[in-house]
Amino acid sequence: MTVAYPHTDVVAAQRAGAECIAFANKPGKREQFMKYEPAGIVDQMTDLPGAAAAGHG
């Protein structure tokens with residue numbers, strides 16, 4: 001599992017066969033990430049361990 005910051009990280013992870021959790025740190029980023037269908041999306045890094053353990057954000 002990887003963490004994606006720009007949407008290109010989501011695309012790269014998917015092409016490599018890895019799941020990723022996107023980090024939506026700014027308004028509107030969650031919506032941008034949704035079209036790339038990451039395994040999950042978190043708004044705060046403190047949510048990352050729980051999302052990774054659950055396999056989604």
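The structure presented is a predicted model; accordingly, all values stated were derived computationally and were not measured. Starting from 1, each residue takes its place in the sequence as its number.
- Residues Q32 and K35 come closest through the heavy atom pair O-CG, 3.2 Å.
- C20 pairs with exactly one of V11, V10, V3 by the side chain to side chain contact (heavy atoms under 4.5 Å, CB included) rule, that one being V10.
- To the nearest 0.5 Å, atoms CG (D9) and CD (Q14) are separated by 11.0 Å.
- Every pair passing ring pair (Phe, Tyr, Trp, His ring centres under 6.0 Å) that includes a residue from residues 5-39 is listed here, sequence neighbours excluded: H7-Y36.
- Rounding to the nearest 0.5 Å gives a distance of 9.5 Å between CD of E37 and CE of M34.
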Enumerate donor-acceptor pairs with a distance under 3.5 Å from any side-chain N or O in residues 39-51 to protein atoms, sequence neighbours excluded.
residue, atom, partner, partner atom, Å
D43, OD1, R30, NE, 3.4
D43, OD1, R30, NH2, 3.4
D43, OD2, R30, NH2, 3.1
Q44, OE1, T46, OG1, 3.4

